[in-house]
*Asks:* 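One structure, as structure tokens, below. Some questions next.
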Amino acid sequence: MDSIVVKFALPALIALAISTTPAAAVEQNCRFIQAKADREACYMRQEEELAAKRKPAAPVNEGKTLETLRQMQQDDDAVYRSINNICRGC
């Protein structure tokens with residue numbers, strides 16, 4: 001039983017450690033730059049990279065979505081008109 005756990009847990013932990021290392025290295029690079037101007041420029045580059053990663057992707061079919069919404073509204077209006085013409089309790 002223990003050998004099965006070691007076979008699967010150890011490689012998983014190694015893969016996790018390797019995948020988290022680059023993110024930490026990027027953050028620490030700027031910290032060790034001695035010149036203040038260079039260090040601040042490094043921080044600005046990192047901030048821009050993070051902002052670009054966080055920025056949501058622009059919708060590709062924005063015009064098509066608006067047209068689909070209008071069509072749905074027209075369909076809904078047609079259904080509501082037909083429901084109002086039904087005799088209730090006749």
*Asks:* Roughly how far, to the nearest 0.5 Å, is CD1 of Ile33 from OH of Tyr43?
*Replies:* 8.0 Å

*Asks:* Return the CG to CD distance between Leu66 and Gln71, rounded to the nearest 0.5 Å.
*Replies:* 12.0 Å

*Asks:* Any side-chain heavy atom of Arg39 within less than 4.5 Å of one from Cys42?
*Replies:* no

*Asks:* How long is the gap from CG on Asp76 to CZ on Arg81, to the nearest 0.5 Å?
*Replies:* 10.5 Å

*Asks:* Kindly compute the distance separating SG (Cys30) from CZ (Arg45), expressed to the nearest 0.5 Å.
*Replies:* 6.5 Å

